[in-house]
K.L.:
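For reference, the structure I am asking about is given below.
Protein chains get the first letters and strands the later ones, always in sequence-line order, with residue 1 at the start of each. None of these values were measured; they are calculated from a predicted model. Atoms considered below: every heavy atom in the structure, side chains included; atoms not considered: hydrogens, waters and symmetry mates.
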Amino acid sequence: MDNSKENLILQQQSSIPSFLTKTYDILENSNYSDIIQWNQDGKAFIIKKPYEFAKKILPKYFKHNNYTSFIRQLNIYDFHKIKNELGKHEFKHNFFQKEKKHLLCEIKRKSIEQQEQLEENNQIQSQYKINLYQPIIIHN
Amino acid sequence: MDNSKENLILQQQSSIPSFLTKTYDILENSNYSDIIQWNQDGKAFIIKKPYEFAKKILPKYFKHNNYTSFIRQLNIYDFHKIKNELGKHEFKHNFFQKEKKHLLCEIKRKSIEQQEQLEENNQIQSQYKINLYQPIIIHN
Amino acid sequence: MDNSKENLILQQQSSIPSFLTKTYDILENSNYSDIIQWNQDGKAFIIKKPYEFAKKILPKYFKHNNYTSFIRQLNIYDFHKIKNELGKHEFKHNFFQKEKKHLLCEIKRKSIEQQEQLEENNQIQSQYKINLYQPIIIHN
DNA sequence: CACGTTCTAGAATATTCGCAC
DNA sequence: TGTGCGAATATTCTAGAACGT
């Protein structure tokens, strides 16, 4: 059997936005642990070096190297910044936890106020929603 | 007199999407004339080598190197493909012409169907909504 | 005559927000020219090294070292980012120019525009509409 | 009260994918 | 690689809102 086709079907069924899977992948990469890492209990993550995160890691996964664009996406998916010591960049979402990748499918875009209305009208199509984004990384 | 208000209006008018100015810039670059070029009468342009256009030129101006994404943008702005000899990639918009960059501001996005509805619903608020999104574009 | 005293009085009377004067002072400091600097024609400024700007310069003038907080202030005062090459941080306000510090008093908070418009809708108050945030300034 | 700082959201354009014709 | 479009996510620039001084 063609594995690529099988994976394609899996991707279709899960339909998890690439922002979530990519961010999760970054956190699973132990090479980045000095820049970005899960917190102690694994229920949030800390960007320990925002500048290096933006310049070194972001362009490998996304089409930009802007820290603020990454933060905008976090807020779109309803992550929240945790208030703690000065200058600590810690973010949390109840369905974004270490060793619990299966919860990612529960995370929804926030601006669903309009989308919910549309989905109620188009319940059939929502089953076939597909995310086949393939990152094309352009370095300069 | 209040110049700031006047300038604000000017800025609104000058809000030309970067897709249009970038595509125009590409056509003005004579180094690319063997890949993409204005046609004879200057009222359309021809992508003579789509593959090289996608891989060499697109990533210098956009965040991707996909020919189809470029074509999607052309369609969004209501460009049309000209049917002619086999395999000729020629596109046209009445306000996209050689030596007439000042016409770019007349080109509008096509998917205004939704925008029109939103505007109808927000007639009151529309008084307070100002499009400040497009800053002045300065090329070197 | 004591110029310093005169300038002090002028500053008090004009009540220019400290954000504007501090940002202007930063740009007048030639020691920072490799981090932040006026552009060629002096009608905009470029933050050449955002990270160093945030960490080295901002805390000397403000109560934080966050680049985004500085950008938020720029937008509040109606500065606009100029679109140009990727990663270039250039900002402009028509009344924020090199060698023209006397124009700073013309820069107003953006959020006042909405208040003005709201007042215009309240026809009763509109008769008495006065810009209370800009005291009378006497030049020369 | 105006201003400053922080966190989040609005709005427009950009990119991708699949479908209808 | 037929052509154009709808829809979803992504990226960017600007603004809203809360809170403190």
Side-chain angles (χ1 to χ4, degrees), chain A residues 12 15-20 22 58 62-66 68-83 91 109-111 113 115 118-119 122 125-126 128-136, chain B residues 15-20 22 47 50-51 54 58 62-81 83 86-87 89 109-111 113-115 118 128-135, chain C residues 15-20 22 58 62-66 68-83 86 91 109-114 132-133:
Chain A
Q12 286 177 11
S15 73
I16 298 174
S18 65
F19 172 75
L20 298 174
K22 288 178 179 177
L58 282 182
F62 304 98
K63 292 178 180 297
H64 66 86
N65 60 358
N66 303 117
T68 54
S69 293
F70 180 79
I71 302 304
R72 185 71 190 92
Q73 284 283 72
L74 286 178
N75 286 323
I76 283 175
Y77 286 97
D78 209 13
F79 287 69
H80 286 275
K81 190 170 188 179
I82 298 177
K83 291 181 180 177
F91 295 89
R109 284 196 148 224
K110 267 202 83 176
S111 58
E113 306 133 346
Q115 294 181 15
L118 292 176
E119 284 180 3
N122 306 336
Q125 292 186 359
S126 65
Y128 303 96
K129 202 173 53 179
I130 299 173
N131 176 5
L132 292 176
Y133 269 25
Q134 286 300 329
I136 294 171
Chain B
S15 61
I16 299 175
S18 63
F19 172 76
L20 298 174
K22 288 178 178 177
I47 303 173
Y51 182 79
L58 281 182
F62 304 98
K63 291 178 179 297
H64 67 86
N65 59 1
N66 303 116
Y67 187 67
T68 54
S69 293
F70 180 79
I71 302 304
R72 184 72 192 90
Q73 283 283 72
L74 287 178
N75 288 324
I76 284 174
Y77 287 98
D78 210 14
F79 287 70
H80 286 276
K81 190 169 188 178
K83 293 181 179 178
L86 288 175
H89 297 247
R109 283 197 147 222
K110 270 194 75 177
S111 57
E113 306 132 346
Q114 302 172 355
Q115 294 180 16
L118 291 175
Y128 309 97
K129 285 183 180 175
I130 298 174
N131 182 1
L132 295 175
Y133 182 75
Q134 280 295 333
Chain C
S15 71
I16 297 175
S18 64
F19 171 76
L20 297 173
K22 288 178 178 178
L58 281 182
F62 304 98
K63 297 184 178 179
H64 66 87
N65 60 358
N66 301 311
T68 54
S69 293
F70 181 78
I71 302 304
R72 184 71 191 92
Q73 286 284 74
L74 286 178
N75 286 324
I76 284 174
Y77 287 99
D78 209 14
F79 287 69
H80 287 272
K81 189 170 187 179
I82 298 177
K83 251 186 186 175
L86 289 175
F91 294 90
R109 281 202 149 217
K110 193 84 191 302
S111 57
I112 298 176
E113 291 179 2
Q114 298 175 355
L132 297 174
Y133 308 114

K.L.:
Hey, which of these two, C:F70 or B:F70, hits DNA chain D nearer its 5' end, going by closest nucleotide?
P.N.:
C:F70
K.L.:
How close or far is atom C1' of E:dT9 from atom CZ of A:F19, stated in whole angstroms?
P.N.:
11 Å
K.L.:
Could you give the CZ-to-P distance, from C:F79 to E:dT12, as a whole number of Å?
P.N.:
23 Å
K.L.:
A:K63 side chain to B:K63 main-chain N or O, any donor-acceptor pair under 3.5 Å?
P.N.:
yes
K.L.:
I need the OH-C1' distance between B:Y67 and E:dG2, as an integer number of Å.
P.N.:
12 Å
K.L.:
From the list D:dC3, E:dT1, D:dC17, which nucleotide is the closest neighbour of the side chain of B:R72?
P.N.:
D:dC17
K.L.:
May I ask you to evaluate whether A:N75 reaches the phosphate of D:dC7, defined as a side-chain N or O under 4.0 Å from OP1 or OP2?
P.N.:
no
K.L.:
In whole angstroms, how far is the C1' atom of D:dA14 from the CZ atom of A:F62?
P.N.:
16 Å
K.L.:
For C:N65 and D:dG4, what is the distance between atoms CG and P respectively, to the nearest whole Å?
P.N.:
17 Å
K.L.:
Just compare E:dT11, D:dG4, D:dT15 and give me whichever is closest to any side-chain atom of B:Q73.
P.N.:
D:dT15
K.L.:
Does the ring centre of B:Y67 sit less than 6.0 Å away from the ring centre of B:Y51?
P.N.:
no
K.L.:
Could you tell me which non-hydrogen atom of A:T68 sits nearest to which non-hydrogen atom of C:T68, and how far apart they are?
P.N.:
CG2-CG2, 3.4 Å
K.L.:
To the nearest Å, give me how far apart CD1 (B:I47) and P (E:dT3) are.
P.N.:
11 Å
K.L.:
Figure out the CZ/C1' separation between C:R109 and E:dG16, and round it to whole Å.
P.N.:
13 Å
K.L.:
When you check the phosphate oxygens OP1 and OP2 of D:dC7, does a side-chain N or O of A:H80 lie under 4.0 Å from one of them?
P.N.:
no
K.L.:
Which sits closer to the 5' end of DNA chain E, B:P50 or A:I76, going by the nucleotide each is nearest to?
P.N.:
B:P50
K.L.:
Is there a side-chain polar atom (N or O) of C:N66 under 4.0 Å from OP1 or OP2 of D:dT6?
P.N.:
yes
K.L.:
Report yes if a side-chain nitrogen or oxygen of A:Y77 is closer than 4.0 Å to either non-bridging phosphate oxygen (OP1 or OP2) of E:dA10; otherwise report no.
P.N.:
yes
K.L.:
To the nearest 0.5 Å, what is the distance between NE2 (A:H80) and CG (A:L74)?
P.N.:
11.0 Å
K.L.:
Considering just the side-chain nitrogens and oxygens of B:K81, establish if one lies under 4.0 Å of OP1 or OP2 belonging to E:dT3.
P.N.:
yes
K.L.:
Pick the closest DNA chain D nucleotide for B:S69 and for C:S69 by heavy atoms, then say which residue is nearer the 5' end.
P.N.:
C:S69
K.L.:
Quick one: is E:dT12 close enough that its OP1 or OP2 comes under 4.0 Å of any side-chain N or O from A:K63?
P.N.:
no
K.L.:
When you check the phosphate oxygens OP1 and OP2 of E:dC13, does a side-chain N or O of A:T68 lie under 4.0 Å from one of them?
P.N.:
no
K.L.:
Measure the distance from CD1 on B:I16 to P on D:dA12 and round it to the nearest whole Å.
P.N.:
17 Å
K.L.:
Nearest 0.5 Å, what's the CZ-CZ distance between C:F62 and C:F19?
P.N.:
5.5 Å
K.L.:
Measure the CD-OG distance between C:Q73 and C:S18 for me, rounded to the nearest 0.5 Å.
P.N.:
8.0 Å
K.L.:
Taking 4.0 Å as the cut-off, does a side-chain nitrogen or oxygen of B:H64 come that near to OP1 or OP2 on D:dA14?
P.N.:
no
